[in-house]
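Atoms within each ligand, like the ligands themselves, are counted from 1 in listed order. Only this structure's heavy atoms are used, side chains among them; waters, hydrogens and symmetry mates stay out. Numbering starts at 1 and runs along the sequence shown.
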Amino acid sequence: MASLWLVGFVVQAAETSGIFTPKNPPEMQPLAHQPTPAFQAAAHFQHGVNLGNYLETPAGRSWGVTVSGDEFIAMKRAGFDHVRVPIGWHHYAGPTPEFSLAPGIFSRVDFVITNALASGLAVLINIHHFNELDQNPVAAAEEFVKIWQQIAAYYRTSPADLAFELDNEPHENATTALMNPLYARAIAEIRQSNPQRTIFVEPGNWGGIDELNHLVLPPDENLIVSVHCYAPFYFTHQGATWTKGETPQTGIVFPGPPAQPLVADPKLNSKKHYQHWIEQYNTLAAENNPSGPKAFTEQLKFLHDWSAYYGRPVHIGEFGAYTKADATSRAKYYEAFRRTAEAQQLGWCIWDWSAGFRYWDKNLNQPMPGLPEALFGKSK
Ligand code: BGC
């Protein structure tokens, strides 16, 4: 079976790594000929960074992130080839039936796209945190399609290095099964004004890797599938407050085991799964430790094989570790993850540029410790 295989900027056929049993519904047909336009486009979306916590905020609100034109140059100099831009378009949509987008959001997005493209970065814009769609995908479907119609019309003449990602992390009621026909509708709409544009799609369960098995895509040849992976979650999200009480415990290293056993946080005492995880974290050697590369290696191999079988490029649109983790562990984690992704010929995009999972320290105007080496193999 064919798979993503980068040779310079051309993508060619390769073999799957072993026996692969396709599980998708029969309507999901492998694409026959390679390289498709999607594989050619994927070559421009290999090493990315998310401009997180910036344009996805509700209208008029700031989550503390600002960005200057120079920062796009810094991204490119660092070695990134693309920037993913989360955007809360729905916060700027007027009433039904037109859901007209306020011009103000376009000018903010234009600033990002113009500077990113001028710096030599490809750009991926999405709809981020569209909660109404997650809660009631049937009721919000019309608005979703109308928003994409407007974005597509506005950017129809933009360079090919601008790509659209339909929806960030569908979850709750926005299951993959429900999103499949909605994606097909949005893609058909976008194709009216953008016949050649590269479009990224994410499966349900927060862009979950296992959800690829439920994806049904139209036979369009310029679609890239994007997933998110934050395994090992207790490491990457340690100290995060937005995880419904799952991750209060800090001091978790990568890879485990720690020099001194970690005592489980009493707030998590009742969670059997957590106790088991800590027990294994404290005792298992690095190669089998749950806070180690084992947490994601098999999943990334699956992505490779799925991509090879179905003839669709796969991109990891988010992975990363919160700055509450110690700097050495963060660097080791980013390095292990990106090396594993690259070994499986997958494009990657870190969360994030200058917010809580940051690469760039805006105060010092320099990268966070160890991350250039971790991501770009400098001084190795
Ligand atoms: C969310 C961010 C969050 C990150 C890590 C992203 O998808 O948009 O708000 O910080 O995931 O949890």
Engineer: Quick one: which ligand 1 atoms are inside 4.0 Å of a heavy atom on E169?
Structural biologist: 7 (O)
Engineer: Can you tell me if Q260 has over 12 outside heavy atoms packed within less than 6.0 Å of its CD?
Structural biologist: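 Counting other residues, nucleotides and ligands, CD of Q260 stays at 12 neighbours or fewer.
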Engineer: Which heavy atom in H228 sits nearest to a heavy atom in N168, and how many Å separate them?
Structural biologist: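 So the two residues come closest at CE1-OD1, 3.1 Å.
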Engineer: Starting from atom 8 (O) of ligand 1, which protein heavy atom do you reach first, and at what distance in Å?
Structural biologist: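 Of the protein heavy atoms, H128 NE2, 2.7 Å lies nearest.
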Engineer: Centre of F144's six-membered ring, under 6.0 Å away, within 45 degrees of the axis: is that where NZ or CZ of R185 sits?
Structural biologist: no
Engineer: Which residue and non-hydrogen atom of the protein lie closest to atom 2 (C) of ligand 1, and at what distance in Å?
Structural biologist: W351 CZ2, 3.5 Å
Engineer: Any chance the rings of H47 and W348 have centres within less than 6.0 Å?
Structural biologist: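 Under 6.0 Å, so yes.
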Engineer: Of all the atoms in ligand 1, which lie at a distance below 4.0 Å from a heavy atom belonging to H129?
Structural biologist: 1 (C), 8 (O), 9 (O)
Engineer: Quick check: closest heavy atoms across P203 and G208, and the distance to 0.1 Å?
Structural biologist: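 Nearest heavy atoms, P203 then G208: CG-O, 3.5 Å.
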Engineer: Taking ring pair (Phe, Tyr, Trp, His ring centres under 6.0 Å) as the definition, give me every residue that meets it alongside H171, ordered by chain and number, with sequence neighbours left out.
Structural biologist: W206
Engineer: Looking only at protein heavy atoms, identify the closest one to atom 5 (C) of ligand 1 and say how far it is in Å.
Structural biologist: H237 NE2, 3.4 Å
Engineer: Evaluating non-hydrogen atoms only, which member of E56, H228, E318 is closest to atom 11 (O) of ligand 1?
Structural biologist: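 Going through E56, H228, E318 one by one, E318 has the nearest heavy atom to atom 11 (O) of ligand 1.
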Engineer: Only heavy atoms of Y230, strictly under 4.0 Å: list the atoms of ligand 1 that pass.
Structural biologist: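 Atoms satisfying the 4.0 Å criterion: 4 (C), 5 (C), 11 (O).
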Engineer: Which of the atoms in ligand 1, numbered in the order shown and given with their element, are less than 4.0 Å from a heavy-atom of F357?
Structural biologist: 5 (C)
